[in-house]
Amino acid sequence: IGAMEGRRRVTYKVNRNVLDEGDLDEMGEKSLTKPSLLDKIKDSASCTGPKVKNCMLGTFPVASWLPRYAFRENALGDLVSGISVGIMQLPQGMAYALLASVPPVFGLYSSFYPVLIYFIFGTSKHISIGTYAVMSVMIGGVVDRLAPDSDFEFWNNVTNNSDIDFASRDQERVRIAVAVTFISGLFQILLGLVQFGFVVTYLSEPLVRGYTTGAAIHVIVSQLKYAFGLNPKRYSGPISLIYTVVEICYLLPKTNIGTLVVSIVSIVALILAKELNAFLSKKLPVPLPMELLAVIIATVVSWQVDLEERYGVDVVGTIPSGLQPPALPAMSLFGQVVGDAFALAVVGYGIAISLGRIFALKYGYKVDSNQELIALGLSNSIGGIFQCFAISCSMSRSLVQESTGGKTQIAGALSAVVILFITLWIGSLFEDLPKAVLAAIIFVNLHGMMKQFLDIPALWKSNKIDMLVWVATFILTVLLNPDLGLAAAIAFSMLTVIFRTQLPKYSLLGQVASTDIYKPVEDYDKAKQVPGILIFRSSATLYFANAEMYQEALGEKSGLDITKMLSIKKKLEAKRKRHEKKLAKKAKKELKKNKAEQKVSKREGHTRSSYSGDSPVLTFFVGGNGEEGLSPPVVPSSIQQEEPNSEHQQGIAVIDVDNDPDSSLPRAIILDLSPVNFLDTVGVKTIKSIRRDYGEIDIEVILACCQSGVVESLQAGGFFSSNVTKSCLFNSIHDAVLYCQSEKSKSRCDEECEQEV
């Protein structure tokens, strides 16, 4: 409170002239020269020692931090963290491979090669690269669409039933997954090279969270067949999730009881284990690897009890030892998966950069968004050559990597070494692992995403538009599948931005007493409008989508129907001109008649007055409330006869127009353009139209708080002329108000009107 009181006592006083934009340009010596495009190209293409060094270190970030690695401070934490994350990678990699509709061993490959590549090219120190549920289910959707089970059915003469050639099916599905992964990596590399990292800004946090929640629903539904031991039909396209749920409900009577028991026991055990880990988190230096323990115990039980033969429980099956030789993806598939690949590229990057920025902000380092695109792209494209499917970062593994002491990507590299050891030597030991256990691991790991439903009431209180984006993204993702759902969600999010710019808040500003501060009069009781001056502001920028509404809001707030007033003025001008012509004709007839009478009088020797009546005077007015009127001719009390050769023609009636401004109209309108960050051609024409129309009824329009880009747009759009200069632009509202209150304003306005006439 004392600090607040002390701050209130601080005052300042400035004594200067009122400055318009032209005065400021002269006083500040505004630079009129800008580097040309050729100069920019030469500067960017120049090759110097420091530039080459920065380029190399930027391309290979590992070269900048690995030589300065603090071994004593970080080695132990990275070692423990790497082993812990590697142990988590084993069950998650195998489980997420099922989501991608490929054999489980390919999940282990995807947890090895991409991690090593990111270690070299990535800039985040804490995220765990590898398999991720949302990416896996997106790949699974592509694979199931292009290689459904129905394409590999054959007639078994022994059983007299149709069977599926699983070997051929899995081989084709791996080809498809590798192709879409390779193309998504190329997209990410290309976007990174053209500095397109800002694309992630279109993925707002509500959109990402709503999307991942919707994708989690797809993940859960895709694993129900493993949890119940069913074999439903595969559906693809929009609303396929609904069809799948209906199909599973129809097949529930055929549930394999053994598989269901394994699923329930595994889910309950994993939930209890997670709670135990949370309870002991402060006492244990490293979380207990409950998922690994579940995999080991389930494998041993399955092997001893022979669950596959006795109870028909589906198991992982053959896991080949060793690594796959590199092979280029099938180029014939590229055209069929290019759209899905782009969606994978954007989603994978958005998730990785969002989590990477959270950790970077927490620990005080910088994550290069464009380099992250290149790192992920290389991880996916090179990983695709080595039979991996698309990867991103996992939130659960990243949190474990951080909580167990991981400080650098050394931890990630060590986790890859753990996966390599498992793949080369002990992978075959998990051949009897029930797939229901992997499904249970996925279900339990998704509880964090399910908690994101709590975002809805929180967003309802803070920002209803963001809540609408979250809900719409979730619904679109669930109904249209993750690929089309993402595109529709981004389009919907952009529409909300457009609608917000089309429906901004329009305000009249008033001066806070004894200050140079102007606030909306509807929000501040002490803000009072300056007499005779209208200060108008829109909360959004001015462009083609809201230009017409800007003019309408100005008329509504000012209480002036400018269209009607200009129409009335034109009608009165036409009436005046018709009346002038009528009087001129009448005067001409009178003149001829007078001349004839004079001739007769001369002959008769008499002198008469050429005109004994008074010339009528016509006046018209336009009221501030839009009323119009035409006064009857007024006859002056006396008029002197003019000589035939005098300065004015004899006998012609004089029409007087009332040029005194209506006191009910404001003297000036100030447009506060501080929220306007750009002007298109429609915006420039709108401001020109406002200034012209209100100027015709003697109201001067002043622009205040224009940004430099807005001034340049006005200049390029032809706003300025010999009559309209930068003297109608002011850097602050207070300068504009002081100018409007001065006599200089009125005299310049009259001068401009005369020049226009």
Side-chain angles (χ1 to χ4, degrees), residues 54 57-62 64-66 68-70 73-74 77-78 80-82 84-85 88 115 118-130 132 134-135 188 191-192 195-213 281 287 345-377 379 391-413 415 448-449 451-452 454-455 458-459 461-463 466-467 469-470 473 490 493:
N54 291 334
L57 293 178
T59 306
F60 301 95
V62 67
S64 63
W65 63 265
L66 189 58
R68 296 183 283 107
Y69 181 73
E73 290 82 1
N74 299 333
D78 285 342
V80 174
S81 177
S84 303
V85 173
M88 285 186 68
V115 176
Y118 185 84
F119 167 76
I120 298 171
F121 296 98
T123 59
S124 176
K125 300 177 181 179
H126 293 88
I127 64 174
S128 174
I129 293 296
Y132 184 57
V134 175
M135 303 287 288
Q188 288 173 329
L191 293 175
Q195 306 292 296
F196 210 64
F198 69 88
V199 71
V200 74
T201 58
Y202 295 104
L203 302 176
S204 64
E205 184 180 0
L207 187 147
V208 171
R209 292 176 72 86
Y211 177 78
T212 53
T213 307
S281 60
V346 174
V347 173
Y349 170 66
I351 293 168
I353 195 65
S354 300
L355 197 57
R357 284 177 173 174
I358 291 173
F359 285 119
L361 184 64
K362 182 177 180 180
Y363 290 98
Y365 62 91
K366 183 180 178 182
V367 173
D368 188 339
S369 59
N370 293 306
Q371 182 60 28
E372 284 296 293
L373 261 175
I374 295 174
L376 290 171
S379 298
I391 53 88
S392 185
C393 78
S394 166
M395 181 177 294
S396 60
R397 291 197 308 270
S398 298
L399 292 175
V400 169
Q401 180 169 319
E402 179 209 15
S403 63
T404 52
K407 301 290 180 61
T408 67
Q409 273 300 329
I410 292 285
S415 71
M449 289 189 182
K451 288 182 178 178
Q452 292 180 161
L454 298 175
D455 292 350
L459 290 173
K461 296 178 182 178
S462 60
N463 192 312
D466 283 345
M467 186 216 68
V469 170
W470 195 104
T473 301
I490 293 175
S493 179

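- Cation-pi contact between K125 and Y365: present, with separation from the ring centre below 6.0 Å and deviation from the ring axis of at most 45°.
- Considering OG1 of T473 and CD1 of I490, their distance stands at 9.0 Å, rounded to 0.5 Å.
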Using the rule given for side chain to side chain donor-acceptor pair (under 3.5 Å), can you reason through Q371 versus T123, listing the C-alpha separation, both sets of side-chain angles and the distance that settles it, and then say yes or no? CA-CA 7 Å; Q371 182 60 28; T123 59; over 6 Å; no

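- Between C393 and L355, the shortest heavy-atom distance links the atoms SG-CD2, 3.5 Å.
- Taken from CG in L66 to OG1 in T408, the straight-line distance is 8.5 Å, to the nearest 0.5 Å.
- With S415 contributing its side chain and G82 its backbone, the two residues share no donor-acceptor pair below 3.5 Å.
- What you find for R397 and S128 is that their closest heavy atoms are NE-OG, 3.2 Å.
- Y349 places a side-chain N or O within 3.5 Å of a backbone atom of S369 that can act as its donor or acceptor partner.
- Classification of K362 and E402 as a salt-bridged pair holds, one side-chain N sitting under 4.0 Å from a carboxylate O.
- Judged by distance alone, the side chain of Q188 and the main-chain N or O of A345 form a donor-acceptor pair under 3.5 Å.
- Residue I351 holds its CD1 atom at 11.0 Å from OG of S398, rounded to the nearest 0.5 Å.
- Between atom CD1 of residue I353 and atom CG of residue L373 there is a gap of 7.5 Å, rounded to the nearest 0.5 Å.
- Under the 3.5 Å distance criterion, the side-chain polar atoms of R68 are matched with a main-chain donor or acceptor of S64.
- Closest heavy-atom contact between I391 and M135: O-CE, 3.6 Å.
- The two residues L459 and P206 make their nearest non-hydrogen contact at CD1-CB, 4.4 Å.
- Side-chain contact annotation: E372 with S124, donor-acceptor N/O pair under 3.5 Å absent.
- Interatomic distance, D455 CG to R209 CZ, rounded to the nearest 0.5 Å: 4.0 Å.
- Ring orientation note: the planes of F119 and W65 are nearly perpendicular, at an angle over 60° on the 30°/60° scale.
- For the pair W470 and L207, the minimum side-chain heavy-atom distance is 4.5 Å or more.
- Residue G348 comes nearest to S392 through the heavy atom pair O-OG, 2.9 Å, listed as atom of the first residue, atom of the second, then distance.
- Atom CD of Q409 and atom CG of D78 lie 9.0 Å apart (nearest 0.5 Å).
- Considering every non-hydrogen atom in both A413 and V115, the closest pair reads N-CG1, 4.3 Å.
- At a threshold of 4.5 Å between non-hydrogen side-chain atoms, the residues L376 and F121 do not count as touching.
- No side-chain heavy atom of F359 sits under 4.5 Å from any side-chain heavy atom of V367.
- Judged by distance alone, the side chain of N370 and the main-chain N or O of F196 form a donor-acceptor pair under 3.5 Å.
- With a 4.5 Å cut-off on side-chain heavy atoms, Y363 and I358 do not count as touching.
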